[in-house]
Novice: 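Take a look at this one; I'll ask things after.
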Amino acid sequence: MTYEILKTEEADAVLTVTMDRPKAMNALNTRFFQEMDDLVASVGARSDLRALVLTGAGKAFVAGADIAEMVGMDSEAGSKFSAMGQKTFRGLEECPLPVIAAVNGYVLGGGCELAMSCDFRVASTAAKFGQPEVNLGLTPGYAGTQRLARLVGAGNALFLLLTGEMISAEEALRMGLVQKVVPPESLMPEALGLAKKIASKGPKAVRAVKRLVRQGLLTSFDAGCALESMEFGALFGDEGAEGMKAFLEKRPAKWN
Ligand code: DAK
């Protein structure tokens, strides 16, 4: 598929994906969901890639779902639009590669829901977070009510969702919505540095960690622990053996 919105760049086993529709503040439209679904399916099949960094061109990461596209929708079309986005965002969570959001600017509504579907978030001090759907007489439609409360707790989630207030990156850091805040010029070096750090680790262990945390959040503690024992065991006699041997021999591990 040829992409109109997503621009990709690959270096050192890290794929950088830039959402590039700055005239509309990278607002999420049907085309975006189609391209992102295609991208996630294609990178999932590649064992040479180790991490993905997602960012936005211009003043926004994403300023929400595309209001111009949504305005003409009836209930049925609205539900379909919501289901389409939920499927895409779930695909990002289930993507075998770690996905880092490099949040460069406005990250509102569906944009914040997208960032929350990434594995963690690094933000520029220029970023502004918010869930302004109530201003439009809407609720979030891409599982924002569910992910936000799980990430920052019910009080912080309801504060953002009910007031529609925009908060700074520092405030988002305090809430636990982002994991790091850096000056704008350091955003991509920081995100890429973290992606490369992940790329240097045992690739099977990295993918297993993501699976375990993601699946664990959807299941019981005991079921999650049982999965962990299985994944942990599977790495013995595999890359875990090389990692431990390399440690004892005081040399860098050679991952396959
Ligand atoms: N959709 C479409 N176009 C947008 C947009 C958006 N979300 N945000 C900005 N734009 C467009 C503006 O219309 C403007 O277009 P032109 O007039 O130049 O043609 C251009 O981007 C530049 O925007 P501004 O002129 O407004 O730029 P400023 O710097 O003054 O302000 C801003 C930046 C981000 C603060 C402002 O644009 C803004 O407040 N934007 C809207 C933010 C917002 O309310 N986002 C949340 C959208 S609600 C559901 C499915 C999904 C959702 C809900 C339900 N179901 C199906 C049930 C999700 C909802 C949302 O995400």
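One-based numbering, in listed order, for ligands and for the atoms of each. Heads up: numbering here begins at 1 and tracks the sequence.
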Novice: Mark whether atom 7 (N) of ligand 1 lies under 4.0 angstrom from at least one protein heavy atom.
Specialist: yes
Novice: Please name the pair of heavy atoms, one in Leu148 and one in Leu161, separated by the smallest distance, quoted to 0.1 Å.
Specialist: CD2-CG, 3.9 Å
Novice: Have a look at Gly109, Ala63, Ala68, Gly64 and point out the one with the heavy atom closest to atom 43 (C) of ligand 1.
Specialist: Ala63
Novice: Tell me whether Arg251 is salt-bridged to Glu242, with the criterion being a basic N under 4.0 Å from an acidic carboxylate O.
Specialist: yes
Novice: Nearest heavy atom to atom 49 (C) of ligand 1 wins, so pick from Gly141, Ala83, Pro22, Ser79.
Specialist: Gly141
Novice: Return a yes/no value: protein heavy atom under 4.0 Å from atom 61 (O) of ligand 1?
Specialist: yes
Novice: Give me the one residue out of Lys210, Arg207, Arg211 that meets side chain to side chain contact (heavy atoms under 4.5 Å, CB included) with Pro96.
Specialist: Arg207
Novice: Hey, does Glu171 have a side-chain heavy atom less than 4.5 Å from the side chain of Glu165?
Specialist: no
Novice: Just need the protein heavy atom nearest to atom 15 (O) of ligand 1, so name the residue and atom and give the distance.
Specialist: Lys23 O, 4.0 Å
Novice: Heavy-atom contact check, 4.0 Å cutoff: does Lys80 meet ligand 1?
Specialist: no
Novice: Using a 4.0 Å cut-off to any heavy atom of Tyr142, which atoms of ligand 1 qualify?
Specialist: 50 (C), 51 (C)
Novice: I'd like to check atom 38 (C) of ligand 1 in this structure: does the protein have a heavy atom lying under 4.0 Å from it?
Specialist: no
Novice: Do Ser82 and ligand 1 have an N or O pair less than 3.5 Å apart?
Specialist: no
Novice: Would Leu136 count as a contact of ligand 1 if the rule is a heavy atom under 4.0 Å away?
Specialist: yes
Novice: Looking only at heavy atoms, what is the nearest atom pair of Pro98 and Ile198, with distance?
Specialist: CG-CG2, 3.9 Å
Novice: Below 3.5 angstrom, do we get any N/O pair linking Pro132 and ligand 1?
Specialist: no
Novice: Of all the atoms in ligand 1, which lie at a distance below 4.0 Å from a heavy atom belonging to Gly78?
Specialist: 55 (N), 56 (C)
Novice: Might you confirm whether atom NZ of Lys87 has over 12 heavy atoms from other residues, nucleotides or ligands at distances under 6.0 Å?
Specialist: no
Novice: State if Thr139 counts as touching ligand 1 under the rule of any non-hydrogen atom under 4.0 Å.
Specialist: yes
Novice: Would you call Asp12 and Arg50 a salt bridge, using N to O less than 4.0 angstrom?
Specialist: no
Novice: Ignoring hydrogens, tell whether any protein atom lies closer than 4.0 Å to atom 21 (O) of ligand 1; use the non-hydrogen atoms only.
Specialist: yes
Novice: Going by the angle between their ring planes, with limits at 30° and 60°, are Phe33 and Phe89 parallel, tilted or perpendicular?
Specialist: tilted
Novice: For atom 58 (C) of ligand 1, what's the nearest protein heavy atom and its distance?
Specialist: Ala65 CB, 3.6 Å
Novice: Keeping Glu239 on the side-chain end and Lys204 on the backbone end, is there a donor-acceptor pair under 3.5 Å?
Specialist: yes
Novice: Other residues, nucleotides and ligands only: do more than 12 of their heavy atoms fall within 6.0 Å of CD on Glu249?
Specialist: yes
Novice: Less than 4.0 Å between a side-chain N and a carboxylate O, is that true for Arg174 and Glu170?
Specialist: no
Novice: Nearest protein heavy atom to atom 59 (C) of ligand 1, by residue and atom, and its distance?
Specialist: Glu133 CG, 3.6 Å
Novice: Considering the heavy atoms of Gly110, write down every atom of ligand 1 situated less than 4.0 Å from one of them.
Specialist: 60 (C), 61 (O)
Novice: Protein non-hydrogen atoms only, distance under 4.0 Å: does atom 1 (N) of ligand 1 have such a neighbour?
Specialist: yes
Novice: Report yes or no: does Lys59 have a heavy atom closer than 4.0 Å to ligand 1?
Specialist: yes
Novice: Crowded around Met230 CE? As in, over 12 foreign heavy atoms under 6.0 Å?
Specialist: no
Novice: Using a 4.0 Å cut-off to any heavy atom of Leu108, which atoms of ligand 1 qualify?
Specialist: 34 (C), 42 (C)
Novice: Where is the nearest protein heavy atom to atom 9 (C) of ligand 1: which residue, which atom, and how far?
Specialist: Met25 CG, 3.5 Å
Novice: What are the atoms of ligand 1, with element, lying closer than 4.0 Å to any heavy atom of Ala24?
Specialist: 4 (C), 10 (N), 21 (O)
Novice: Can a donor-acceptor pair be found between the side chains of Tyr3 and Asp38 at a distance below 3.5 Å?
Specialist: yes
Novice: N/O of Glu113 under 3.5 Å from N/O of ligand 1, yes or no?
Specialist: no
Novice: Could you tell me whether atom 29 (O) of ligand 1 has at least one protein heavy atom nearer than 4.0 Å?
Specialist: yes
Novice: Could you tell me which non-hydrogen atom of Ala157 sits nearest to which non-hydrogen atom of Val152, and how far apart they are?
Specialist: N-CG2, 3.7 Å
